[in-house]
Amino acid sequence: MLTTLFELQKELDTRIEKEHGLEQADLMDKKIMALLVELGELANETRCFKFWSKKPAAARDVILEEYVDGVHFILSIGLELKLQDQVTLDPKDEYRDLVEQFQLVFASIIEFRKQLNLENYHNIFNEYIILGKLLGFSSDDIEKAYKLKNEVNHKRQNSGY
């Protein structure tokens with residue numbers, strides 16, 4: 001599954017970079033910031049930290065779409081560093097609550113920002129996969145939703161997004 005997702009992401013990234021004249025730009029800080037923002041948006045949709053509110057979490061499909069937005073940026077970061085052929089996922093089946101897992105993902109992204117290396121990249125990816133499991137998503141759910149959102153992202157580029 002990862003090979004296919006990396007290929008789809010590379011196609012989208014190449015298109016965006018070409019259409020926006022960014023082929024020579026260093027986009028790493030922007031991609032990391034985008035990933036942090038997407039993670040925050042995902043947390044907001046789950047409402048897992050909103051102890052003061054009785055409003056329920058967003059619908060599962062909304063949360064899944066937000067989740068795969070993060071997958072897009074994780075893949076894009078891996079491509080930027082040419083790590084796509086070195087990725088090995090080994091998420092531990094450790095129970096954590098959602099708030100703790102969100103904090104671990106945020107922390108892994110910040111640590112990666114300090115040292116852009118394969119070990120820290122693996123840590124982001126594995127913590128994000130654990131988050132997806134806690135949210136109830138299977139690898140099939142993620143792959144299907146990623147492909148749908150990838151199509152949406154291409155359509156957005158077609159319309160000058």
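The figures here come from the full heavy-atom set of this structure, side chains too, leaving out hydrogens, waters and symmetry mates.
Across every non-hydrogen atom of Q115 and N120, the tightest pair is O-ND2, 3.0 Å. Of all non-hydrogen atoms in T88 and H122, the two that sit nearest each other are N-NE2, 3.0 Å. Considering all non-hydrogen atoms of both residues, I63 and A58 come closest at CD1-O, 3.4 Å. Summarising the geometry of G78 relative to Q84, their closest heavy-atom pair is O-OE1, 3.8 Å, with the distance given to 0.1 Å.
With contacts defined as side-chain heavy-atom distances shorter than 4.5 Å, the pair I32/L36 qualifies. With contacts defined as side-chain heavy-atom distances shorter than 4.5 Å, the pair F73/D69 does not qualify. No side-chain heavy atom of L89 sits less than 4.5 Å from a side-chain heavy atom of M1. Considering only heavy atoms from C-beta on, L131 comes within 4.5 Å of L98 through its side chain. Using a 4.5 Å heavy-atom cutoff, the side chains of E45 and Y67 are not in contact. Side chains of L42 and E38 form no contact here, defined as non-hydrogen atoms less than 4.5 Å apart. No side-chain heavy atom of H72 sits less than 4.5 Å from a side-chain heavy atom of L5. Considering only heavy atoms from C-beta on, K149 stays 4.5 Å or farther from V71 through its side chain.
R60 places a side-chain N or O within 3.5 Å of a backbone atom of G136 that can act as its donor or acceptor partner. The main-chain N or O of S138 is found under 3.5 Å from a side-chain atom of D141 such that the two form a donor-acceptor pair.
For D90 and K92, the salt-bridge test passes: some basic side-chain N is under 4.0 Å from an acidic carboxylate O. A salt bridge links R96 and E127; the closest N-O separation between the charged side-chain nitrogens and carboxylate oxygens is under 4.0 Å. We find that R15 and E11 are not joined by a salt bridge, their nearest charged nitrogen and carboxylate oxygen being 4.0 Å or further apart.
Residues V68 and F137 fall within the same hydrophobic cluster, defined by Ile, Leu, Val, Met, Phe, Trp and Tyr side chains chained together at heavy-atom separations under 4.5 Å. Connection of F125 to L134 is established within a shared hydrophobic cluster, with ILVMFWY side chains joined at heavy-atom distances below 4.5 Å, either directly or through further cluster members. A continuous path of ILVMFWY side-chain contacts below 4.5 Å connects V87 to L8, so both sit in one hydrophobic cluster. In the hydrophobic cluster analysis, where Ile, Leu, Val, Met, Phe, Trp and Tyr join through side-chain heavy atoms closer than 4.5 angstrom, I110 is grouped apart from V99. Transitive grouping of hydrophobic side chains (ILVMFWY, heavy atoms separated by less than 4.5 Å) brings F106 and I74 into a common cluster.
From T46, atom OG1 reaches atom CG of N44 across 8.0 Å, with rounding to the nearest 0.5 Å. Taking NZ from K82 and CD from E80, the interatomic distance works out to 7.5 Å, rounded to the nearest 0.5 Å. Taking CG from D97 and SG from C48, the interatomic distance works out to 7.5 Å, rounded to the nearest 0.5 Å. Atom CD1 of I142 and atom CG of L135 lie 9.0 Å apart (nearest 0.5 Å). For the atom pair CG (N153) and CD (Q9), the distance works out to 8.0 Å, reported to the nearest 0.5 Å. For the atom pair CD1 (I124) and CG (L39), the distance works out to 10.0 Å, reported to the nearest 0.5 Å.
Counting non-hydrogen atoms of other residues, nucleotides and ligands closer than 6.0 Å to CZ of R47 gives a total above 12. For E23, the CD atom is densely surrounded, since the number of other residues' heavy atoms within 6.0 Å is greater than 12. Counted within 6.0 Å of NZ on K133, heavy atoms from surrounding residues, nucleotides or ligands total more than 12; the atom is thus considered enclosed.
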Decide yes or no on side chain to side chain contact (heavy atoms under 4.5 Å, CB included) for K50 and K55, but give the supporting numbers first.
CA-CA 9 Å; K50 294 188 175 190; K55 185 177 173 184; over 6 Å; no

Decide yes or no on side chain to side chain contact (heavy atoms under 4.5 Å, CB included) for Q157 and H20, but give the supporting numbers first.
CA-CA 10 Å; Q157 291 302 308; H20 294 271; 3.2 Å; yes

Residues F112, N123; criterion side chain to side chain contact (heavy atoms under 4.5 Å, CB included); working and verdict:
CA-CA 8 Å; F112 173 78; N123 195 35; over 6 Å; no

Derivation and outcome, side chain to side chain contact (heavy atoms under 4.5 Å, CB included), residues E41 and V37
CA-CA 6 Å; E41 290 177 2; V37 169; 3.7 Å; yes

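Here the two rings, on F49 and F102, have centers that are 6.0 Å apart or farther.
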